[in-house]
Novice: 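My structure is below; once you've seen it, I'll send some questions.
So that the names make sense, note that chain A is the first sequence line, chain B the second, and so on, each numbered from 1.
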Amino acid sequence: MNSSRGKVVTKKFIEIIVKPDEINGQFSLGATLSSGQTSEASWVRANSGFWNVEEVDGQLLKYEVRQVGTVEKPTLHVKLIGMHSSQSSTAIKDYLTKILRLNDDLKEFYSKFRNDPVEVTFNPCKGLRLMLASNPFESLICSISSQNTSIKHWNSIIQSIKARFGKKVLLLDGSSFYMFPKPKSLARVGEDAIRSCKAGYRANYILTASRLVAEGKLDLVKLSKMSYEEAHRSLLGVYGIGPKVADCFLLYGLGFTEAAPVDVWVHRIIQQLYKKSMSVNQVRAFLRNRFGLWAGYAGLYLFHFARLRSSQLV
DNA sequence: AGCCAGGCATCAG
DNA sequence: CTGATGCATGGC
């Protein structure tokens with residue numbers, strides 16, 4: 001069992017495998033983690049996969065996920081570093097299934113809307129899945145930081161916030177990682193400090209939201225138990241949070257799949273595909289009415305498709 | 001140099 | 001309610 005006293009080299013990690021029959025339909029890890037979702041800022045690309053660090057059952061855990069096989073028959077290899085022997089690998093599997101949304105029935109999405117103009121996105125985006133943020137507060141700040149700037153820039157804002165105000169942890173493989181600060185820590189640092197993370201005018205929004213969460217006036221758990229409309233309405237009351245940021249957080253932070261964030265990309269592509277001139281608000285209503293609980297997926301596919309096309313990859 | 005990026009608060013009408 | 005404008009920052 002314990003090899004640390006023997007001649008055998010201690011195995012520092014455990015590897016688990018997620019098989020095709022544990023994934024509901026197609027999956028593309030690469031597309032999913034490269035699609036600019038506001039839940040993914042913390043994932044790091046390395047080797048042939050991606051890694052992240054999270055607290056699972058109060059235990060710090062680094063996981064490296066790599067896809068083998070095809071998009072149609074996907075298999076995931078997950079390397080776990082720092083796992084206690086008391087933790088079951090099925091608990092880890094459940095956790096990954098939840099945040100990579102492996103139970104979402106993608107084939108149903110494709111077949112249900114195969115006669116809709118959104119169908120043109122299915123092939124180029126095949127296997128793309130929504131992701132659920134593992135830390136709702138981090139997702140809230142990511143969503144706020146992402147407004148009116150590039151994906152690259154808001155990712156760098158988040159990295160700076162983590163490096164400046166987050167706790168540094170050392171991992172068993174020798175690497176280190178900055179955790180996202182807790183609401184109370186971030187609420188304490190002041191606007192100038194947040195501004196120095198190149199957050200610009202968003203610094204005030206970030207600080208305001210952090211204070212509200214720290215003081216319990218913005219209860220993320222309570223929000224997750226409301227209806228979508230109710231939760232959206234109450235988020236709009238927060239300074240710095242508008243319709244798009246609220247939808248980002250509800251979708252990626254809390255898992256409301258009927259939320260479809262409408263940004264400039266989605267606004268443009270919807271008007272092109274459906275040949276109708278619409279305001280941002282009209283597009284938002286349009287997506288919700290047409291796609292219901294699949295609106296989040298439709299929005300993500302349209303967003304990713306539009307960006308792929310503009311970079312000449314399609 | 002000027003415009004755009006996963007927008008929002010504010011103010012005018 | 002809808003429409004115009006300023007706002008930090010970085011990339012092209």
Novice: Once you round it to whole Å, what is the distance between C1' of C:dA8 and CD1 of A:I144?
Specialist: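 Spelled out: CD1 on A:I144 to C1' on C:dA8 is 16 Å.
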Novice: Assess whether a salt bridge exists between A:D173 and A:K62, defined as any Lys/Arg side-chain N lying under 4.0 Å from an Asp/Glu carboxylate O.
Specialist: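 Looking at A:D173 and A:K62, the cut-off is met.
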Novice: With sequence neighbours left out, what residues match A:R233 under salt bridge (charged side-chain N to carboxylate O under 4.0 Å, His left out)?
Specialist: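 A:R233 satisfies salt bridge (charged side-chain N to carboxylate O under 4.0 Å, His left out) with no residue once adjacent residues are dropped.
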Novice: Could you check A:Y63, A:F13, A:F177, A:W43 and say which one makes a ring pair (Phe, Tyr, Trp, His ring centres under 6.0 Å) with A:W51?
Specialist: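 The ring pair (Phe, Tyr, Trp, His ring centres under 6.0 Å) with A:W51 is passed solely by A:F177 among A:Y63, A:F13, A:F177, A:W43.
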Novice: Is there any side chain to side chain donor-acceptor pair (under 3.5 Å) pair reaching into residues 252-263 of chain A, and which pairs are they, with sequence neighbours excluded?
Specialist: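 Every candidate side chain to side chain donor-acceptor pair (under 3.5 Å) pair involving residues 252-263 of chain A fails, so no pair, neighbours aside, qualifies.
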Novice: Considering residues at least two apart in sequence or located in another chain, which fulfil the side-chain contact (heavy atoms from CB on, under 4.5 Å) criterion with A:L235?
Specialist: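 Here the qualifying residues are A:L218, A:L223, A:I241, A:A246, A:F249, A:L250.
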Novice: How many whole angstroms separate atom CG of A:L236 from atom P of C:dC1?
Specialist: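 It works out to 11 Å between those atoms.
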Novice: Just how far, in rounded Å, is P of C:dT9 from CD1 of A:I158?
Specialist: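 After rounding, the gap between these two atoms is 16 Å.
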Novice: Of the nucleotides B:dC8, B:dA9, B:dG6, which has the atom closest to the A:Y239 side chain?
Specialist: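 Nearest to the side chain of A:Y239 among the choices is B:dA9.
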Novice: Answer with base, sugar-phosphate or nothing: what part of the nucleic acid does A:G36 contact at a heavy-atom distance below 4.0 Å?
Specialist: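 The residue A:G36 makes base contact.
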Novice: Which whole-number value in Å describes the distance from A:L235 CG to B:dG7 P?
Specialist: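 After rounding, the reported distance stands at 17 Å.
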Novice: Among residues 190-206 of chain A, which contact DNA chain C at a heavy-atom distance under 4.0 Å?
Specialist: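 Those residues are A:R195, A:K198, A:G200, A:Y201, A:R202.
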Novice: Take atom CG of A:L140 and atom C1' of B:dC8, then tell me their distance rounded to the nearest Å.
Specialist: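 Taking atom C1' of B:dC8 as the reference, CG of A:L140 is at 15 Å.
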Novice: Does the structure show A:F303 stacking with B:dG6, if we require the centres to be closer than 5.5 Å and the planes to be within less than 30 degrees of parallel?
Specialist: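 According to the criterion (under 5.5 Å, under 30°), yes, A:F303 stacks.
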Novice: Taking any heavy-atom pair under 4.0 Å as a contact, classify A:V245: base, sugar-phosphate, or nothing.
Specialist: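 Touches sugar-phosphate only.
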Novice: Starting at CD1 of A:I270 and ending at C1' of B:dG6, how long is that distance when rounded to a whole Å?
Specialist: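 Going from CD1 in A:I270 over to C1' in B:dG6 covers 14 Å.
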Novice: Please determine, for the side chain of A:H153, which listed nucleotide (C:dT9, B:dA5, B:dC8) has the closest atom?
Specialist: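 Per side-chain heavy atoms of A:H153, the pick is C:dT9.
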Novice: In terms of the angle between their ring planes, are A:Y297 and A:Y301 parallel, tilted or perpendicular, with boundaries placed at 30° and 60°?
Specialist: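 Judged by the thresholds at 30° and 60°, the geometry between A:Y297 and A:Y301 is tilted.
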Novice: What residue pairs, at least two apart or across chains, pass salt bridge (Lys or Arg N to Asp or Glu O under 4.0 Å) with a residue in residues 191-215 of chain A?
Specialist: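 For residues 191-215 of chain A, and leaving out neighbouring residues, the salt bridge (Lys or Arg N to Asp or Glu O under 4.0 Å) pairs sorted by first residue read A:E191-A:R195, A:E215-A:K217.
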Novice: How many Å lie between CG on A:N148 and C1' on B:dA5, as a whole number?
Specialist: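 Roughly 6 Å, once rounded to whole Å.
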Novice: Nearest heavy atom decides the nucleotide; on that basis, is A:R268 or A:G240 closer to the 5' end of DNA chain B?
Specialist: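 This one resolves to A:R268.
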Novice: Classify the nucleic acid contact of A:F249 as base, sugar-phosphate or nothing, counting any heavy atom under 4.0 Å across all strands shown.
Specialist: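 Counting heavy atoms under 4.0 Å across all strands, no contact is made by A:F249.
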Novice: Taking only the P atom of each, what is the distance from C:dT5 to B:dG6 in whole angstrom?
Specialist: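 It works out to 24 Å between them.
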Novice: For residues 288-295 of chain A, tabulate all N or O donor-acceptor pairs below 3.5 Å that involve a side-chain atom, not counting sequence neighbours.
Specialist:
unit_1, atom_1, unit_2, atom_2, d
A:N289, ND2, A:A285, O, 3.2
A:R290, NE, A:D116, OD2, 2.6
A:R290, NH2, A:D116, OD2, 3.1

Novice: Starting at NZ of A:K244 and ending at P of B:dA9, how long is that distance when rounded to a whole Å?
Specialist: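 Roughly 13 Å, once rounded to whole Å.
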Novice: Between A:Q147 and A:K152, name the one whose nearest nucleotide on DNA chain C is closer to the 5' end.
Specialist: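 Per heavy-atom nearest nucleotide, the more 5' residue is A:Q147.
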Novice: Reckon A:I157 touches a base, only the sugar-phosphate, or nothing at all at heavy-atom distances under 4.0 Å?
Specialist: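 Result for A:I157 = nothing.
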Novice: Scan A:S146 against the nucleic acid and name what it touches under 4.0 Å (heavy atoms): base, sugar-phosphate only, or nothing.
Specialist: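 Answer is sugar-phosphate: A:S146 comes under 4.0 Å of backbone atoms only.
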